[in-house]
**Student:** 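Pasting a structure here, questions to come.
Below, read A as the first sequence line, B as the second, and so on, with proteins coming before strands; counting in each chain starts at 1.
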Amino acid sequence: MNFWLVKQEPSAYSWEQFVQDKGTYWNGVRNYQARNNLQAMKKGDLVLFYHSVVGKEIMGIAKVTRESYPDPTAEEGNWVVVDLKPAKAFNKTVTLEEIKNNSKLKDIALIKQSRLSVMPLKATEFKILLQMGDTPYSGV
DNA sequence: GCCAACGTTGGC
DNA sequence: GCCAACGTTGGC
């Protein structure tokens with residue numbers, strides 16, 4: 001299993017909306033590196049949902065329910081989406097500041113490549129973030 | 001193919 | 001609101 005993190009501005013599509021919708025297709029990615037990451041996601045992979053700009057915190061865990069397929073909102077180009085559904089909300093959201101202050105997370109893509117919106121996480125990073133979120137998750 | 005100009009993202 | 005980082009575009 002692989003682990004990922006996706007960013008979204010809550011004013012565009014929030015975690016709360018995601019939970020209310022019981023899932024969504026992750027559309028609108030228009031960056032090649034982010035697209036490649038979407039294409040590498042496998043069904044069952046776990047994805048952390050981060051609120052950028054407003055909040056700047058990880059809200060919870062999502063799960064990949066369908067692997068990449070063409071983005072129906074793309075008018076041109078080879079863009080893809082995956083289907084995600086909420087798996088578990090963090091008991092305690094994890095802020096960017098906390099992540100920056102954790103020396104074990106200094107190499108996390110969220111900090112190193114602040115503009116990337118879909119990024120891989122190492123298993124160790126994922127586990128640390130779950131601990132920081134006070135959120136045990138079976139099967140990890 | 002290089003690189004300057006420009007646009008976008010996102011933290012501060 | 002500013003600006004750094006970085007991706008994209010277009011002239012040469």
**Student:** Can we say A:Asp71 and A:Arg30 salt-bridge, meaning some charged N sits less than 4.0 Å from an Asp/Glu carboxylate O?
**Tutor:**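 Counted as a salt bridge, because a side-chain N and a carboxylate O are separated by less than 4.0 Å.
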**Student:** Above 12 or not: heavy atoms from other molecules or residues under 6.0 Å from OH of A:Tyr32?
**Tutor:** no
**Student:** Kindly work out whether a path of hydrophobic side-chain contacts (I/L/V/M/F/W/Y, heavy atoms less than 4.5 Å apart) joins A:Leu46 to A:Val6.
**Tutor:**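 Unlinked, A:Leu46 and A:Val6 end up in two clusters.
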**Student:** Using chain A heavy atoms and a threshold of under 4.0 Å, write down where along DNA chain B the contacts begin and end, 5' to 3'.
**Tutor:** B:dG7 to B:dC12
**Student:** So, using side-chain hydrogen bond (donor to acceptor under 3.5 Å, both in side chains) as the criterion, who are the partners of A:Gln17 when residues are at least two apart?
**Tutor:** A:Asp21
**Student:** Run the salt bridge (Lys or Arg N to Asp or Glu O under 4.0 Å) test against A:Glu125 and tell me which residues pass, sequence neighbours left out.
**Tutor:** A:Lys122
